[in-house]
Amino acid sequence: MKLALAVFAFILPAPALAQCAITEPLLAQAYPNAQQSENGLLVKGGDFERSIQPDDVVCKAWPWRPELMLAAVPLLEAKPADEGSNKGDVEILVTDRAGKPLARRLEPGMAFSDAIRFSDMGLDTARYDVTEGLRAFGLRTTQYGSSRVNPYNEQALWLYTFDKGRIERVLDGLIVERGNGENDGNCQGEMTTVKRTVTLGPKTSARYRALEVEQTETLATSKPTADDCQTDERPGKTTRLDLTYDKGRYRLQGKVDELFSTIEIGER
């Protein structure tokens, strides 16, 4: 039987809320040399001085391994050199229930912001049983554009495995929801929304199960009326794609535009 994995509702920018019950012990053990400042916790080292806002840290118990916690920590440039641009990394951690790190993986550039702003993230513990005895966990990142007349937003799914003490990324930011369009800044314009759901398919030659992706599109057209702004939605085509595991990553055979996130991960 195929296992359908529901896509979370799209998250627009919102005021920060505490998203991790063990933030304090987790940060104390993961970054013991961090210094408290008016910009949050300062972490030295790397190409730039980074800060952590504790309210931005997300963590979640892992139902598949109840003795473990999953966490993601945004490390943002403390003093951006360029106005409107902000460097930023994300560190993925697997910890014990008290927040002691057991494994960690730095994703350089994942939280970078310029015209497209890094907004939010959340952990996904659905049953991504990618191969026998190995379940992946997900990180969902949200970005949005700063242009009012050319709006853009996306939510992307990144999958990771934890095996033999190492965290490995196996899916590179599949966009599960995207909206982009053009308008006159008032009412008239168009917006295309793409949504994707992921289903675990059969095992492939690499012994990993394929990821079957169903994509739907909706076109929304807005125009002014006598005393209102009227929006009409028209469903578009449905497309099905298969991602297969090859050389450590889920990949698509062939090319599909805008399948993966605009986020570019640098070298660790």
Side-chain angles (χ1 to χ4, degrees), residues 8-63 68-126 137-146 153-158 160 167 173 176-177 261-263 265:
F8 289 178
F10 191 78
I11 304 171
L12 292 176
L17 297 173
Q19 301 180 75
C20 179
I22 60 166
T23 297
E24 187 173 340
L26 173 102
L27 294 179
Q29 295 176 87
Y31 308 97
N33 298 320
Q35 300 177 353
Q36 185 66 52
S37 78
E38 60 182 11
N39 293 325
L41 288 176
L42 292 183
V43 179
K44 297 186 180 295
D47 297 334
F48 55 92
E49 189 174 56
R50 299 171 294 178
S51 69
I52 300 172
Q53 299 297 328
D55 283 345
D56 292 341
V57 176
V58 295
C59 72
K60 191 174 185 179
W62 197 2
L68 300 178
M69 297 286 290
L70 306 172
V73 180
L75 298 150
L76 304 181
E77 187 177 14
K79 299 177 180 179
D82 301 319
E83 186 176 353
S85 177
N86 199 103
K87 298 176 182 176
D89 306 330
V90 173
E91 189 153 34
I92 314 296
L93 299 101
V94 175
T95 78
D96 65 15
R97 294 303 292 260
K100 178 182 178 181
L102 304 176
R104 54 206 305 170
R105 178 188 179 94
L106 184 68
E107 298 288 38
M110 179 176 272
F112 177 80
S113 292
D114 53 7
I116 304 295
R117 311 295 297 175
F118 181 85
S119 169
D120 200 359
M121 60 184 183
L123 290 159
D124 180 352
T125 55
F137 63 90
L139 179 71
R140 290 174 180 254
T141 56
T142 303
Q143 294 180 284
Y144 67 96
S146 56
N153 54 61
E154 72 167 47
Q155 186 183 101
L157 172 65
W158 311 73
Y160 298 87
I167 301 172
V176 291
E177 186 163 348
S261 174
T262 57
I263 293 173
I265 304 296

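Starting from 1, each residue takes its place in the sequence as its number.
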Roughly how far, to the nearest 0.5 Å, is the [atom2] atom of [Y] from the [atom1] atom of [X]?
{"X": "K60", "Y": "L123", "atom1": "NZ", "atom2": "CG", "result": "7.0 Å"}
{"X": "S261", "Y": "E154", "atom1": "OG", "atom2": "CD", "result": "3.5 Å"}
{"X": "I263", "Y": "I116", "atom1": "CD1", "atom2": "CD1", "result": "10.5 Å"}
{"X": "K87", "Y": "S113", "atom1": "NZ", "atom2": "OG", "result": "13.5 Å"}
{"X": "K79", "Y": "L42", "atom1": "NZ", "atom2": "CG", "result": "8.0 Å"}
{"X": "E177", "Y": "T142", "atom1": "CD", "atom2": "OG1", "result": "9.0 Å"}

Could you pull out the closest heavy-atom pair between [X] and [Y], with the gap in Å?
{"X": "A71", "Y": "L26", "result": "CB-CD1, 4.0 Å"}
{"X": "A21", "Y": "C59", "result": "N-SG, 3.8 Å"}
{"X": "A30", "Y": "R104", "result": "O-NH2, 3.0 Å"}
{"X": "G88", "Y": "F48", "result": "N-CZ, 4.1 Å"}
{"X": "L106", "Y": "P108", "result": "O-CD, 3.2 Å"}
{"X": "L157", "Y": "G138", "result": "CD1-CA, 4.1 Å"}

Measure the shortest side-chain to side-chain distance between [X] and [Y] over non-hydrogen atoms and say whether it is less than 4.5 angstrom.
{"X": "M110", "Y": "L139", "answer": "yes"}
{"X": "V58", "Y": "C20", "answer": "no"}
{"X": "I92", "Y": "Y160", "answer": "yes"}
{"X": "L27", "Y": "P54", "answer": "yes"}
{"X": "L41", "Y": "Q35", "answer": "no"}
{"X": "T141", "Y": "D120", "answer": "no"}

Y31 and I52: side chain to side chain contact (heavy atoms under 4.5 Å, CB included), yes or no, with the steps? CA-CA 10 Å; Y31 308 97; I52 300 172; 3.8 Å; yes

What orientation do W62 and F137 show, parallel under 30°, tilted 30 to 60°, or perpendicular over 60°? perpendicular

I need the single residue from D89, L75, N33 that forms a side chain to side chain contact (heavy atoms under 4.5 Å, CB included) with V43. Which is it? L75

Might you work through the side chain to side chain contact (heavy atoms under 4.5 Å, CB included) test for L70 and L93, ending with a clear yes or no? CA-CA 6 Å; L70 306 172; L93 299 101; over 6 Å; no

Does CD belonging to Q53 count more than 12 external heavy atoms closer than 6.0 Å? yes

Sequence neighbours excluded, the answer for salt bridge (charged side-chain N to carboxylate O under 4.0 Å, His left out) partners of K44 is E49

